[in-house]
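Remarks on the structure that follows.
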Amino acid sequence: MDQSANPTGRHDWHSPNYVEQWVAGDLARPDQRTSMLRAAVELLPFDRTAALVMLDIGAGYGAFSAQLLETFPNARVVAQDFSEIMVAHARARLDPAGERTAFALSDLSAPGWADDLGGPFDAAVSSIAIHNLAEPARIRALYGEIAALLRPGGWFLNLDLIPAPTALAGAYNRGTEAPEPSAAGHVHSADHHGGPHGAHDQTAGLENQLRWLGEAGFADVDCVWKKERLALLVGIRTAPTIA
């Protein structure tokens, strides 16, 4: 999510004014947003007429959910978010789908966020949301919680902002000058420490996130698309081991 709407660089998803400005800014670039989400949904291998049950994690105003409902006309989607204001936007956006939608208010930073979601789900998706957790340990644990919500063979699509692997790459992604090395030859950058240009600590970088997905119970884990910091991660839920 673009932090430029807030001069402090911090999101305030409980502020009506902030959310209104953020949604308006996102809707101002519909072609870019919609094309990315549509391409992600097209990866799902399910029969388009199947009565699937899907989960949109950190659904915001429902953009990803809308693509799921359009692509799979018999699917039911649960849109989860922790902002009541965003959920209200999602309800309005997805109203034409009627009973094919359900909404859940819970906080991903709390381990019990999924207690009332139902399931199991055929697929879970998330768009520009999970990185807001900031803590690598919490993101790692969340992947396991998501895996537990899926049927064996269920898919997880995560379109999110991933920290740059190096300070030089971070500078390139921001369109700024490369950082200067210190006297010891080390390059310092806010991208390594979650500063004004870094989403969070480098331990939540791409390589580790793919590994965490594998450890959580996902197979065929891959980054299928990446442009600068924005990446689409995919994993398929493996069948539980029978003792």
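Side chains are part of it too, since the values below use all heavy atoms of this structure and drop only hydrogens, waters and symmetry mates.
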For A141, what residues pass the side chain to side chain contact (heavy atoms under 4.5 Å, CB included) criterion, not counting sequence neighbours? R138, E145
Hey, are the side chains of L233 and Q209 touching, using non-hydrogen atoms and a 4.5 Å cut-off? yes
Using every non-hydrogen atom in the two residues, find where I57 and S126 come nearest and quote the distance to one decimal. O-OG, 2.9 Å
Quick check for you: to the nearest 0.5 Å, what is the distance between E228 atom CD and L161 atom CG? 11.0 Å
Describe, in one word, how the ring planes of F46 and W155 are oriented to each other, choosing from parallel (under 30°), tilted (30 to 60°) and perpendicular (over 60°). perpendicular
Compare all side-chain heavy atoms of L43 with those of V234 and state whether any distance is below 4.5 angstrom. yes
Mind checking whether V78 and F121 have side chains closer than 4.5 Å, heavy atoms only? yes
When rounded to the nearest 0.5 angstrom, what is the spacing between CZ in F82 and CH2 in W113? 14.0 Å
Could you report the tightest heavy-atom contact between G153 and I236, atom names first, then the distance? O-CG2, 3.7 Å
With D95 via side chain to side chain contact (heavy atoms under 4.5 Å, CB included) - residues at least two apart: none
Residues pairing under salt bridge (charged side-chain N to carboxylate O under 4.0 Å, His left out) where one sits in residues 97-110, two or more places apart or in two chains, turn out to be none
Of all heavy-atom pairs linking D81 and G60, the shortest is OD2-N, 2.8 Å
Is a side-chain donor-acceptor pair under 3.5 Å present for N158 with Y143? yes
Can you name the closest pair of heavy atoms from A204 and I139 and give their distance? CB-CD1, 4.5 Å
Considering all heavy atoms, the nearest M86-Y61 contact: SD-N, 3.7 Å
Is atom CG of D116 surrounded by more than 12 heavy atoms (other residues, nucleotides or ligands) closer than 6.0 Å? no
Any non-hydrogen side-chain atom of L68 less than 4.5 Å from a side-chain atom of L44? yes
How would you list, by chain and number, every residue that makes a side chain to side chain contact (heavy atoms under 4.5 Å, CB included) with A114, sequence neighbours excluded? L117, L149
Given side chains that start at C-beta, do those of C223 and L206 come closer than 4.5 Å, heavy atoms only? yes
For residues M54 and V125, determine if any side-chain heavy atom of one lies less than 4.5 Å from a side-chain heavy atom of the other. no
Any donor-acceptor pair under 3.5 Å from K227 side chain to R229 backbone: no
State the CG-OG distance between N132 and S109, to the nearest 0.5 angstrom. 11.0 Å
When rounded to the nearest 0.5 angstrom, what is the spacing between CE in M36 and CZ in F64? 10.0 Å
Say whether, by atom type as modelled, one donor and one acceptor occur between the side chain of Q80 and the main chain of A104 under 3.5 angstrom. no
Please lay out, stage by stage, how F72 and T49 fare under the test side-chain contact (heavy atoms from CB on, under 4.5 Å). CA-CA 6 Å; F72 299 96; T49 64; over 6 Å; no
Do R91 and F103 have side chains that approach each other closer than 4.5 Å (heavy atoms only, starting at C-beta)? yes
What's the verdict on salt bridge (Lys or Arg N to Asp or Glu O under 4.0 Å) for E42 and R48, showing C-alpha distance, side-chain angles and the deciding distance? CA-CA 10 Å; E42 288 294 328; R48 294 296 190 259; 3.1 Å; yes
Tell me the closest heavy-atom pair linking G205 and P163, and the distance in Å. CA-CD, 4.2 Å
Give, for atom CG of L230 and atom CG of D160, the distance between the pair rounded to the nearest 0.5 Å. 8.0 Å
Polar side-chain atom of T101 near backbone of V77 as donor-acceptor pair, under 3.5 Å: no
Is there a donor-acceptor contact under 3.5 Å linking the side chains of T34 and Q67? no
Quick check: do H131 and I162 have side-chain heavy atoms less than 4.5 Å from each other? no
Applying side chain to side chain contact (heavy atoms under 4.5 Å, CB included), name anything that partners V221, two or more places apart in sequence or on another chain. L210, L213, F218
Just by distance, do the side chain of D122 and the backbone of G154 share a donor-acceptor pair under 3.5 Å? no
Rounded at 0.5 Å granularity, tell me how far CG in L159 sits from CD1 in I128. 4.0 Å
For R140, enumerate each residue passing the side chain to side chain donor-acceptor pair (under 3.5 Å) test, keeping only those at least two apart in sequence or located in another chain. E215
